[in-house]
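Notes to accompany the following structure.
Both backbone and side-chain heavy atoms feed into the values below; hydrogens, waters and symmetry mates do not.
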Amino acid sequence: MTTVDETTPAAVATPRSADRPLRRELGVANAFSHTFLLLWAAMTILPLAWMLLSSLKSNSEILADPWGLPGELRLDNWARAWTKAHIGQYFLNSAMVVAGSLTLTMLFGAAAAYVFARYEFRGRQVVYYLFVGGMMFPVFLALVPLFFVVRNAGLFGTWTGLILVYAAYSLPFTVFFLTAFFRTLPTSVAEAALIDGCGHFRLFFRVMLPMARPGLISVGIFNFLSHWNQFLLPQVLMQGDESKWMLAQGLNALAVNQGYAGDYAQLFAGLTIAVLPVLVVYMTFQRQIQAGLTAGQLK
């Protein structure tokens, strides 16, 4: 009895002492990760806050005290950027083009991904890898042939041509993402719907698409950000008529013009107007984005 009483505390104390270095390492890792996240948040938020404050200042306040608070809120900077710099027109142009391209991308991308994930046919893997292979080619490699293709098709300088090009470049990532997501959906629901007399088209639109909503929202947000911030394609394919320019083109022209004119307040106001839709969309759908990214990893 004496031997057991003496050895039992030592046996119990051994794993506890072994756990202390592990807990220490976890604490150091957590502190490092939290510090990194705080620094990343500061690097993201501070430039946005500085841009917003600068859009509410006068030009003299921006030059005299660029980091200070505005003496009064000058909302007329936003009004001048919206009307005088034609940011409002460019904003509406981008909204219409992005809405059209996003609709085409999500419709055809979801349909193709559903077929690749749920149906077996000859050459399925070949066609799928051809789609996914499109992600390996950057836009720069295709600019020259793309220019001639769009021009020969009579779509140069038109919103229709830009919508089709946006959709074509977004399809590879959309198909890749949604194919993996559709494979995680339960097959029992689809089989039950087919037994009840549901056709393939009705099954896709009425059953599978609602079940894939988290994945659709996630990839839709990524495509929206890509289309909204696109600069190179509009710069090449939308030359000429300034009334049809996209927002990125208008901001580039505004930055050049106001850099010489010295109206920095109007420039910051235009930048803030361009950034606001991105922030609103992300803050509205942030939970759906996280749910879609995590749900697609579960089998």
Side-chain angles (χ1 to χ4, degrees), residues 36-102 139-140 159 162 166 220-286 289:
F36 176 78
L37 290 176
L38 288 174
L39 290 175
W40 185 266
M43 292 172 60
T44 305
I45 295 174
L46 289 179
L48 294 176
W50 178 66
M51 178 183 65
L52 176 61
L53 291 176
S54 299
S55 68
L56 301 173
K57 294 180 179 180
S58 64
N59 292 316
S60 59
E61 288 177 334
I62 294 176
L63 296 175
D65 189 9
W67 303 105
L69 297 175
E72 59 177 323
L73 301 181
R74 293 176 172 82
L75 298 178
D76 60 303
N77 295 334
W78 291 41
R80 285 188 294 110
W82 185 267
T83 57
K84 186 178 178 181
H86 307 292
I87 294 298
Q89 181 65 44
Y90 303 145
F91 186 96
L92 296 177
N93 294 346
S94 294
M96 288 188 292
V97 170
V98 169
S101 61
L102 197 59
V139 180
F140 304 97
W159 292 337
L162 204 58
Y166 278 9
I221 296 300
F222 286 119
N223 286 329
F224 170 80
L225 297 178
S226 175
H227 296 180
W228 187 264
N229 297 324
Q230 183 61 246
F231 171 73
L232 188 60
L233 289 176
Q235 193 72 10
V236 174
L237 302 178
M238 290 296 296
Q239 302 175 14
D241 190 1
E242 295 185 6
S243 63
K244 295 183 178 181
W245 279 5
M246 297 296 102
L247 186 57
Q249 292 175 277
L251 288 175
N252 180 60
L254 180 63
V256 174
N257 296 332
Q258 299 310 319
Y260 289 105
D263 195 352
Y264 301 105
Q266 184 178 346
L267 175 60
F268 280 113
L271 293 173
T272 306
I273 293 173
V275 170
L276 280 180
V278 177
L279 295 178
V280 170
V281 168
Y282 181 78
M283 292 176 65
T284 303
F285 296 103
Q286 59 177 337
I289 294 174

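The main-chain N or O of Trp40 is found under 3.5 Å from a side-chain atom of Thr44 such that the two form a donor-acceptor pair. Formation of a donor-acceptor pair under 3.5 Å by the Gln230 side chain with backbone atoms of Leu232 is found in this model.
Looking at every heavy atom in both residues, Ala255 comes nearest to Leu267 through CA-CD1, 3.7 Å. Taking all atoms of both residues into account, the shortest heavy-atom contact from Gly270 to Ala81 is N-CB, 3.9 Å. Minimum heavy-atom separation, Asn77 to Ala265: ND2-CB, 3.5 Å. Across Pro70 and Leu53, no two heavy atoms sit closer than the pair CD-CD2, 4.0 Å. Residues Ser55 and Trp78 share a closest heavy-atom pair of OG-NE1, 3.2 Å. Smallest separation of non-hydrogen atoms from Ala42 and Pro47: O-CD, 3.9 Å.
Side chains of Gln266 and Leu254 form a contact here, defined as non-hydrogen atoms less than 4.5 Å apart. Between Ser101 and Trp159 there is no side-chain heavy-atom pair separated by less than 4.5 Å. When side chains are defined from C-beta on, Leu247 does not count as touching Asn93, because their heavy atoms never get closer than 4.5 Å. With contacts defined as side-chain heavy-atom distances shorter than 4.5 Å, the pair Glu61/Arg74 qualifies. Between Leu63 and Tyr264, the closest side-chain pair of non-hydrogen atoms falls below 4.5 Å. The side-chain heavy atoms of Phe231 and Leu251, taken from C-beta on, include no pair separated by under 4.5 Å.
Atom CZ of Phe222 and atom OG of Ser226 lie 11.0 Å apart (nearest 0.5 Å). Taken to the nearest 0.5 Å, the CG atom of Leu237 stands 10.5 Å off from the CD atom of Gln235. Atom-to-atom distance recorded for Asp76:CG and Leu56:CG is 10.0 Å, nearest 0.5 angstrom.
Under the ring-ring contact (aromatic ring centres under 6.0 Å, His included) criterion, the residue pairs touching residues 42-61 are Trp50-Trp67, Trp50-Phe268, with sequence neighbours excluded. Annotation: side chain to side chain donor-acceptor pair (under 3.5 Å) contacts involving residues 243-253, sequence neighbours excluded, comprise Asp241-Ser243.
For Phe224, the ring-ring contact (aromatic ring centres under 6.0 Å, His included) partners at least two apart in sequence or on another chain are Trp228.
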